[in-house]
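It should be emphasised that the depicted structure is a prediction, and the values quoted were computed from it without experimental measurement.
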Amino acid sequence: MNKKILIILIFNSFLMSEQTFGSLGFLNISPSAISRSLGNTHGSEINNPTSLLMNPANIWQYSNLKILYSYQNMSQIDDVNYGNIFIGKKISNNITIAGGGIYYGVDKIEEYNDLAQFKGFFSYNSGALLLGISNKVESFHTGLGLNFI
């Protein structure tokens with residue numbers, strides 16, 4: 001009995017452990033044109049795999065397969081690149097699975113030392129992998145998401 005509890009606690013601590021490096025602000029960027037046009041609201045991503053970012057229950061969809069891709073290159077502003085791809089597959093009438101990936105990068109960030117002397121440029125890159133499943137029971141949706149950032 002004690003071995004089972006110990007294994008559960010170790011597994012739980014592995015799942016709940018969190019190490020973050022850098023900013024997670026890139027996850028707040030609108031993942032699709034639909035979301036951008038509607039102000040990045042929660043309701044704008046219903047029935048799309050891109051809703052993995054906000055609410056995995058909303059990945060349930062009517063179509064059998066959805067693939068959404070977005071890429072932004074904002075080199076005129078700050079040398080910022082943002083890209084994502086999301087895929088949703090309807091398994092049965094009630095279950096949908098979805099996955100996605102996000103890439104975010106900023107180039108030519110100036111670095112200074114403690115004496116405010118210019119040291120050079122560096123880049124910042126970050127990404128996320130997302131997985132989710134959604135179940136529809138009548139008009140009630142439930143979902144589970146797993147993210148690796």
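Residues in residues 100-119 take part in these ring pair (Phe, Tyr, Trp, His ring centres under 6.0 Å) pairs, two or more places apart or across chains: F26-Y104, Y112-F118, F118-F121.
The closest donor-acceptor contact from the side chain of K136 to the backbone of W60 lies at 3.5 Å or more, if one exists at all. A distance-only check finds no donor-acceptor pair linking the side chain of E110 to the backbone of G120 [under 3.5 Å]. Distance alone, capped at 3.5 Å, places no donor-acceptor pair between the S134 side chain and the G143 backbone.
More than 12 non-hydrogen atoms from other residues, nucleotides or ligands lie less than 6.0 angstrom from CG of N113. Within 6.0 Å of atom OH in Y71, more than 12 heavy atoms from other residues, nucleotides or ligands are found, so the atom counts as buried in its surroundings.
Side-chain contact annotation: S70 with N84, donor-acceptor N/O pair under 3.5 Å absent. In this model, a donor atom of one side chain and an acceptor atom of the other lie less than 3.5 Å apart for K66 and N48.
Nearest heavy atom pair, residue N81 against residue D107, reads ND2-OD2, 4.1 Å. When all heavy atoms are compared, the tightest approach of H141 to N47 is CE1-OD1, 4.2 Å. The shortest non-hydrogen separation linking G88 to Q61 is O-NE2, 3.0 Å.
Note: the hydrophobic cluster containing L53 does not contain I87 (ILVMFWY, side chain heavy atoms under 4.5 Å, direct or indirect links). When hydrophobic clusters are built by joining Ile, Leu, Val, Met, Phe, Trp and Tyr residues whose side-chain heavy atoms come closer than 4.5 Å, directly or via intermediates, Y124 is grouped together with V80. Note: the hydrophobic cluster containing I85 does not contain I149 (ILVMFWY, side chain heavy atoms under 4.5 Å, direct or indirect links).
With values rounded to the nearest 0.5 angstrom, L129 atom CG is found 7.0 Å from F148 atom CZ. For the atom pair CG (N64) and NZ (K90), the distance works out to 6.0 Å, reported to the nearest 0.5 Å. With values rounded to the nearest 0.5 angstrom, F140 atom CZ is found 9.5 Å from N135 atom CG. From N147, atom CG reaches atom CG of L52 across 7.0 Å, with rounding to the nearest 0.5 Å.
A search for side chain to side chain donor-acceptor pair (under 3.5 Å) contacts involving N94 returns nothing, not counting sequence neighbours. For the salt bridge (Lys or Arg N to Asp or Glu O under 4.0 Å) test, residues two or more places apart in sequence or in another chain that qualify with E111 are K119. Not a single side chain to side chain donor-acceptor pair (under 3.5 Å) links E138 to another residue, sequence neighbours left out.
The hydrophobic cluster containing L144 also includes I91, I95, I97, I133, under a criterion of side-chain heavy atoms closer than 4.5 Å among ILVMFWY residues, counted directly or through chains of members. The hydrophobic cluster analysis finds L115 isolated: no Ile, Leu, Val, Met, Phe, Trp or Tyr side chain comes under 4.5 Å of it, directly or through other members.
A 4.5 Å side-chain heavy-atom check between F86 and I67 finds every atom pair outside the cut-off.
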